[in-house]
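Numbers for residues simply follow the sequence, beginning at 1.
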Amino acid sequence: MTLDEVLDRIGPLDAEAMELSQKKWNSIAKPLHSLGKLEEHMIRIAGITGDPEAHIDRKALIVMCADNGVVEEGVTQTGQEVTAIVAENFLTCNTSAALMCRRAGADIFPIDIGMARKTKVPDYKVAYGTRNIARGPAMTRQEAEKAVLTGVRLAKEKKEAGYQLLATGEMGIGNTTTSSAVSAVLLGEMPERMTGRGAGLTREGLEHKICIVKRAIERNRPVAADTMDVLAKVGGFDIAGLTGVFLGGACYRIPVVIDGFISAAAALAAYKLCPLAKEYMLAAHMSGEPGMKLILDELGMEAVITADMCLGEGTGAAAYFPVLDMAAEVYQKMSTFSDNRIEDYEELGDR
């Protein structure tokens with residue numbers, strides 16, 4: 001399937017399933033809307049899947065692993081070799097996200113979409129890392145499209161394997177730099193507002209990073225109205241692949257959880273490619289990176305968890321899994337007002 005065909009297949013949520021889900025929440029023996037965003041997310045899941053029961057028993061975290069040529073500019077504390085080391089650690093459950101997924105009963109799938117060397121991680125490689133965005137385009141448009149379609153394919157594979165909820169994670173040294181560039185262009189914001197310290201830069205390091213983001217945008221001149229041009233010129237294979245996961249979730253009607261800033265940059269790109277795609281996304285947490293709130297504001301979303309997390313890997317999404325499971329437990333198993341012979345609550349004024 002081509003990218004245009006994927007976009008054409010994305011339609012609105014199932015309004016009837018959402019209405020039935022809302023009625024079910026209103027019938028449960030507790031104050032109306034008292035679980036807040038958790039109720040909203042369960043209703044959204046019903047609309048995405050067309051199933052008013054909103055089952056989310058099988059969950060998968062897809063972690064896109066890729067290297068970024070911009071590391072040459074000294075925008076990180078660590079070298080590019082760390083990407084491959086951490087990516088392989090996902091396979092032995094020796095990363096934060098892997099341990100959190102195991103605790104949450106979710107499966108984790110690291111994907112080599114563009115690391116600079118071969119590893120034991122499943123190989124979906126588009127190329128051996130991107131080029132340095134401070135000196136030229138990160139990739140060709142064809143490579144960007146291939147990365148996006150790889151994400152779409154992975155969403156389809158996980159849906160066919162029986163997964164009911166996907167989450168997005170990443171591993172790639174330098175990818176807060178590329179995410180800052182992508183989101184700054186797509187939002188029409190100054191790089192200063194979108195760029196944070198990543199994995200712990202000093203004040204001087206942050207200033208240098210902002211300069212690199214500015215240089216990349218000035219040199220490559222990505223066209224904000226052409227999302228694929230932006231991804232190709234200043235993005236990364238991980239961001240493009242995650243963009244595809246979000247689009248694939250919308251195409252194949254499976255909810256996809258946004259993790260932190262890098263994942264959110266991909267969600268933003270998916271939204272710009274197809275505005276309806278945002279209806280298939282759930283915002284897990286508010287990343288500590290400064291650009292996160294600006295992206296969620298553009299998407300019209302509020303995160304459920306605020307814990308100042310900025311680790312990446314999908315850790316924020318993994319932290320949200322047990323919270324959502326608790327909401328599902330109430331939704332699917334709690335008795336109703338009629339079961340308890342209690343008069344239903346009534347809607348009184350605006351919420």
Problem set entry | T95/N89 under side chain to side chain donor-acceptor pair (under 3.5 Å): CA gap, chis, key distance, verdict | CA-CA 6 Å; T95 71; N89 284 347; over 6 Å; no

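- The two residues A46 and S21 make their nearest non-hydrogen contact at CB-CB, 3.8 Å.
- For residues 286-325, every residue pair satisfying the ring-ring contact (aromatic ring centres under 6.0 Å, His included) rule, not counting sequence neighbours, is listed here: H41-Y320.
- More than 12 non-hydrogen atoms from other residues, nucleotides or ligands lie less than 6.0 angstrom from CZ of R58.
- Proximity of V230 to K272: side-chain heavy atoms (C-beta onward) are nowhere separated by under 4.5 Å.
- Defined by atom type and a distance below 3.5 Å, a donor-acceptor pair is missing between the side-chain atoms of R117 and Y128.
- Contact of the T177 side chain with the N68 side chain is not registered, since no non-hydrogen atoms from C-beta on lie closer than 4.5 Å.
- In terms of hydrophobic clustering, with Ile, Leu, Val, Met, Phe, Trp and Tyr side chains grouped at heavy-atom distances under 4.5 Å, L3 and M1 are assigned to a common cluster.
- Between F246 and S263, the shortest heavy-atom distance links the atoms CE1-O, 3.4 Å.
- The closest donor-acceptor contact from the side chain of N220 to the backbone of P222 lies at 3.5 Å or more, if one exists at all.
- When all heavy atoms of D259 and T168 are compared, the pair lying nearest together is CB-O, 3.1 Å.
- Of the possible donor and acceptor atoms, one in the side chain of E170 sits under 3.5 Å from a partner among the backbone N and O of E313.
- Formation of a donor-acceptor pair under 3.5 Å by the T130 side chain with backbone atoms of G69 is found in this model.
- If you chain together hydrophobic residues whose side chains sit under 4.5 Å apart, L282 and I108 never meet in one group.
- Residues I48 and R44 are in side-chain contact: their nearest non-hydrogen atoms beyond the backbone lie under 4.5 Å apart.
- In this structure a side-chain-to-backbone donor-acceptor pair under 3.5 Å is present from D123 to K125.
- No continuous path of hydrophobic side-chain contacts links V75 to I173 [ILVMFWY only; heavy atoms under 4.5 Å].
- Considering every non-hydrogen atom in both W25 and E39, the closest pair reads NE1-O, 3.5 Å.
- Residues L61 and V245 do not share a hydrophobic cluster, clusters being chains of Ile/Leu/Val/Met/Phe/Trp/Tyr side chains in contact below 4.5 Å.
- More than 12 heavy atoms of other residues, nucleotides or ligands shown are found within 6.0 angstrom of CZ on R253.
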For this session: Go through E145 and R141 one step at a time and tell me if the salt bridge (Lys or Arg N to Asp or Glu O under 4.0 Å) criterion holds.
Result: CA-CA 6 Å; E145 185 163 329; R141 191 181 182 97; 5.4 Å; no

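- The hydrophobic cluster containing V148 also contains I10, counting ILVMFWY residues as joined when their side-chain heavy atoms lie under 4.5 angstrom apart, directly or transitively.
- Contact check for L311 versus M309: no side-chain heavy atoms found under the 4.5 Å cut-off.
- A donor-acceptor contact shorter than 3.5 Å is absent between the side chain of E279 and the backbone of L276.
- Across every non-hydrogen atom of T176 and F261, the tightest pair is O-CE2, 3.9 Å.
- Here the straight-line distance linking atom CE of M139 with atom CZ of F237 works out to 5.0 Å at 0.5 Å rounding.
- A donor and an acceptor atom, one from each side chain of S180 and K209, are nowhere located under 3.5 Å apart.
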Exercise. Where do R9 and E5 land on the salt bridge (Lys or Arg N to Asp or Glu O under 4.0 Å) test, with the steps shown first?
Worked result: CA-CA 6 Å; R9 285 189 55 172; E5 288 171 335; over 6 Å; no

For this session: For K214 and E218, run salt bridge (Lys or Arg N to Asp or Glu O under 4.0 Å): C-alpha distance rounded to whole Å, both residues' side-chain angles, the deciding distance at 0.1 Å, then the answer.
Result: CA-CA 6 Å; K214 287 181 175 179; E218 290 168 0; over 6 Å; no

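- Contact check for R135 versus E72: side-chain heavy atoms found under the 4.5 Å cut-off.
- Residues V82 and T76 fail the side-chain proximity criterion, which asks for heavy atoms closer than 4.5 Å.
- Checked by atom type and distance alone, the side chain of N132 never pairs as donor or acceptor with a backbone atom of E73 at under 3.5 Å.
- For E302, the CD atom counts as loosely surrounded, since its 6.0 Å shell holds 12 or fewer non-hydrogen atoms of other residues, nucleotides or ligands.
- Considering every non-hydrogen atom in both A269 and T227, the closest pair reads O-CG2, 3.6 Å.
- Listed by chain and number, the hydrophobic cluster partners of V121 are L91, M115, where partners are ILVMFWY side chains within reach of under 4.5 Å, directly or through others.
- With a 4.5 Å cut-off on side-chain heavy atoms, Q22 and H33 count as touching.
- Checked by atom type and distance alone, the side chain of N175 pairs as donor or acceptor with a backbone atom of G172 at under 3.5 Å.
- By the 4.5 Å heavy-atom criterion applied to side chains, R193 and L294 are counted as neighbours.
- No donor-acceptor distance shorter than 3.5 angstrom exists from the side chain of T195 to the backbone of E192, with no hydrogens or angles considered.
- Of the possible polar contacts, one joining the D67 side chain to the A116 backbone as a donor-acceptor pair under 3.5 Å is found.
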For this session: Could you check F109 against Y124 for ring-ring contact (aromatic ring centres under 6.0 Å, His included), going step by step and ending with a plain yes or no?
Result: CA-CA 12 Å; F109 296 94; Y124 291 72; over 10 Å; no

